[in-house]
Amino acid sequence: MPLTPPSDCDDTSIWNFAIGSNLHPEKRQGRANLCIDEVVPGKLQGWRLAFNLKSIRWLEPSMAGIEPEPNSTVHGVLLRFRPEEFQKLVQSEGDGHAYTLEEVEVEAYDGRRFPAKAFRALPHRTLPEDVPPSLRYLNIIREGARLSQLDPAYIQWLDALPHTEKPPWLCWISRTLISTVMWVGRLGCPKCGSLLLRALRWVDELPEPLHLLRVPCNVLLLAPVLLLGSLHNLFQTLRPQRDC
């Protein structure tokens with residue numbers, strides 16, 4: 001079947017096939033003030049959902065991407081961006097230091113086929129094997145799949161995936177850090193969050209005997225971010241809700 005993007009899609013539009021946290025509408029809206037022109041559910045054959053992107057160990061055990069596998073199919077949503085908006089998405093996803101962009105052909109649920117770009121872990125950032133993600137991250141994907149009305153069988157498969165347990169205090173740090181990075185991205189600085197995460201990853205990968213510096217370096221990087229994020233979350237909680 002030939003590729004049949006919508007007739008109102010101009011030649012400069014870029015389609016991204018989202019399979020991870022960007023399945024969730026709130027995460028898409030809250031990421032770097034992204035303006036998405038169209039959302040179309042679909043599936044990609046010959047690829048699988050992989051949790052093989054090496055992340056910061058204490059932050060997330062792994063992150064999602066795609067990996068080729070002949071007899072597998074990964075479901076997700078096609079997101080149509082203008083080029084400048086797509087660049088903001090790339091910046092918010094590591095700015096080329098975490099993922100490479102794979103050119104794929106996605107079949108929409110209505111039968112149309114789209115050329116799209118999907119995120120795949122860079123070779124030097126790929127784990128030897130998949131590692132179950134945190135429950136926080138996995139639940140975002142599960143809820144996003146439901147809100148995006150993906151195939152029920154695929155949602156059932158997501159529900160059965162295992163996750164990695166984390167202590168409550170570490171869950172709080174991860175949740176506060178990610179929400180702060182997203183907030184700064186919405187303010188128009190998605191690259192700031194990317195640079196912070198790169199610095200934290202560099203600290204996490206310090207070799208011996210420099211690994212003794214991990215704790216003080218993490219404290220220096222995280223303390224102001226967590227304080228800012230906590231104050232922002234407190235302000236959001238105390239702020240009077242306006243009637244719609």
Side-chain angles (χ1 to χ4, degrees), residues 14-24 27-28 31 39-79 86 89-109 113-148 150-166 174 178 181 194 197-198 200-201 204-205:
I14 299 174
W15 289 91
N16 166 241
F17 186 55
I19 47 81
S21 60
N22 285 335
L23 284 174
H24 201 295
K27 293 299 177 182
R28 295 197 300 263
R31 184 187 290 273
V39 180
V40 181
K43 58 185 179 180
L44 174 61
Q45 296 180 339
W47 296 78
R48 68 179 178 89
L49 175 65
F51 293 101
N52 67 344
L53 174 65
K54 184 179 180 181
S55 183
I56 302 161
R57 283 170 291 185
W58 55 264
L59 178 62
E60 284 293 343
S62 63
M63 304 295 285
I66 62 167
E67 284 294 325
E69 191 163 304
N71 298 319
S72 294
T73 301
V74 57
H75 293 245
V77 289
L78 287 148
L79 307 175
F86 182 73
L89 172 67
V90 171
Q91 289 180 347
S92 71
E93 293 284 4
D95 202 19
H97 293 272
Y99 292 104
T100 183
L101 289 169
E102 287 284 343
E103 302 282 349
V104 294
E105 184 179 311
V106 180
E107 180 183 355
Y109 283 179
R113 305 186 74 87
F114 297 77
K117 300 178 187 292
F119 289 105
R120 181 184 181 186
L122 286 166
H124 69 279
R125 294 286 308 279
T126 302
L127 294 165
E129 58 184 23
D130 283 18
V131 174
S134 70
L135 183 60
R136 180 200 71 85
Y137 185 57
L138 190 54
N139 278 341
I140 290 172
I141 297 174
R142 289 166 173 166
E143 186 175 351
R146 286 184 166 83
L147 293 173
S148 300
L150 297 191
D151 183 276
Y154 187 74
I155 293 174
Q156 187 176 16
W157 176 79
L158 288 174
D159 287 341
L161 291 177
H163 67 272
T164 297
E165 293 285 353
K166 293 170 60 178
S174 300
I178 295 300
V181 167
S194 176
L197 294 175
R198 282 168 58 189
L200 289 169
R201 187 173 70 247
D204 191 52
E205 296 173 354

S.K.: Look up atom CG in Asp159 and atom CD1 in Ile141, then write down how far apart they are to the nearest 0.5 Å.
M.R.: 12.0 Å
S.K.: A side-chain contact here means heavy atoms from C-beta on lying under 4.5 Å apart; do Ser134 and Pro61 qualify?
M.R.: yes
S.K.: Go through Arg136 and Lys166 one step at a time and tell me if the side-chain contact (heavy atoms from CB on, under 4.5 Å) criterion holds.
M.R.: CA-CA 10 Å; Arg136 180 200 71 85; Lys166 293 170 60 178; 6.0 Å; no
S.K.: Taking all heavy atoms of Asn16 and all of Ala118, pick out the closest pair and write down the distance.
M.R.: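 That closest heavy-atom pairing would be ND2-CA, 4.2 Å.
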S.K.: With a 4.5 Å limit on heavy-atom distance, are the side chains of Leu158 and Leu150 in contact?
M.R.: no
S.K.: Which pair of heavy atoms, one from Leu197 and one from Ile56, lies closest together, and at what distance?
M.R.: O-CD1, 3.6 Å
S.K.: Locate the shortest heavy-atom distance separating Ala50 from Asp130; write the atom from each residue and the value.
M.R.: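 Here Ala50 and Asp130 meet closest at CA-OD2, 3.6 Å.
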S.K.: Does any N or O in the side chain of Arg28 come within less than 3.5 Å of the main-chain N or O of Asn22, such that one atom is a donor and the other an acceptor?
M.R.: yes
S.K.: As an exercise, state the distance from NE2 of His97 to NE2 of His124, rounded to the nearest 0.5 Å.
M.R.: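 Taking NE2 in His97 and NE2 in His124, the distance rounds to 8.5 Å.
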S.K.: What are the two closest heavy atoms between Thr164 and Pro132, and how far apart are they?
M.R.: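 For Thr164 versus Pro132, the nearest heavy atoms are OG1-O, 2.6 Å.
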S.K.: Can Lys117 and Glu102 be counted as an ion pair, charged N to O under 4.0 angstrom?
M.R.: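 Glu102 and Lys117: not salt-bridged.
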S.K.: What is the distance from atom CG of Leu200 to atom CZ of Arg198, rounded to the nearest 0.5 Å?
M.R.: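 That separation rounds to 12.0 Å.
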S.K.: Could you check if a side-chain atom of Trp157 sits within less than 4.5 angstrom of a side-chain atom of Leu49, using non-hydrogen atoms only?
M.R.: yes
S.K.: Within the structure provided, determine whether Met63 and Ser55 are in side-chain contact (heavy-atom separation under 4.5 Å).
M.R.: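 Side chain of Met63 against side chain of Ser55, heavy atoms only: contact under 4.5 Å found.
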S.K.: Could you go through Asp204 and Lys54, starting from their C-alpha distance and side-chain angles, then the distance that decides it, and tell me whether this counts as salt bridge (Lys or Arg N to Asp or Glu O under 4.0 Å)?
M.R.: CA-CA 11 Å; Asp204 191 52; Lys54 184 179 180 181; over 6 Å; no
S.K.: For the CG atom of Leu79 and the CZ atom of Phe17, what is their distance to the nearest 0.5 Å?
M.R.: 9.5 Å
S.K.: Hey, can you tell me if Phe51 and Tyr137 have their rings parallel, tilted or perpendicular (30° and 60° cut-offs)?
M.R.: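 Ring orientation of Phe51 relative to Tyr137: perpendicular.
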S.K.: Should Ser92 and Leu89 count as side-chain neighbours, where that means a heavy-atom distance under 4.5 Å?
M.R.: yes
S.K.: Is there side-chain contact between Val40 and Trp15, with heavy atoms separated by less than 4.5 Å?
M.R.: yes
S.K.: For the residue pair Pro133 and Pro162, what are the closest heavy atoms and their distance?
M.R.: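 Pro133 and Pro162 have their closest heavy atoms at CD-O, 3.9 Å.
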S.K.: Among residues two or more places apart or on two chains, list those pairs meeting ring-ring contact (aromatic ring centres under 6.0 Å, His included) that have a residue in residues 55-76.
M.R.: His75-Tyr109, His75-Tyr154
S.K.: Are any side-chain N or O atoms of Ser174 and backbone N or O atoms of Leu59, one a donor and one an acceptor, separated by less than 3.5 Å?
M.R.: yes
S.K.: Quick one: are Val131 and Glu60 in side-chain contact, heavy atoms under 4.5 Å?
M.R.: no
S.K.: Kindly give the heavy-atom pair with the smallest separation between Glu93 and Tyr99, and that separation in Å.
M.R.: O-CD1, 3.5 Å
S.K.: Quick one: does Leu101's side chain get under 4.5 Å of Phe119's, heavy atoms only?
M.R.: yes
S.K.: In Å and rounded to the nearest 0.5 Å, what is the CD1 to CZ distance from Ile66 to Arg120?
M.R.: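 Here the interatomic distance stands at 7.0 Å.
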S.K.: Who are the side chain to side chain donor-acceptor pair (under 3.5 Å) partners of Lys43, not counting sequence neighbours?
M.R.: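 Counting only residues at least two positions away or on another chain, Lys43 forms no side chain to side chain donor-acceptor pair (under 3.5 Å).
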S.K.: Measure the CZ-CG distance between Arg142 and Leu147 for me, rounded to the nearest 0.5 Å.
M.R.: 14.5 Å
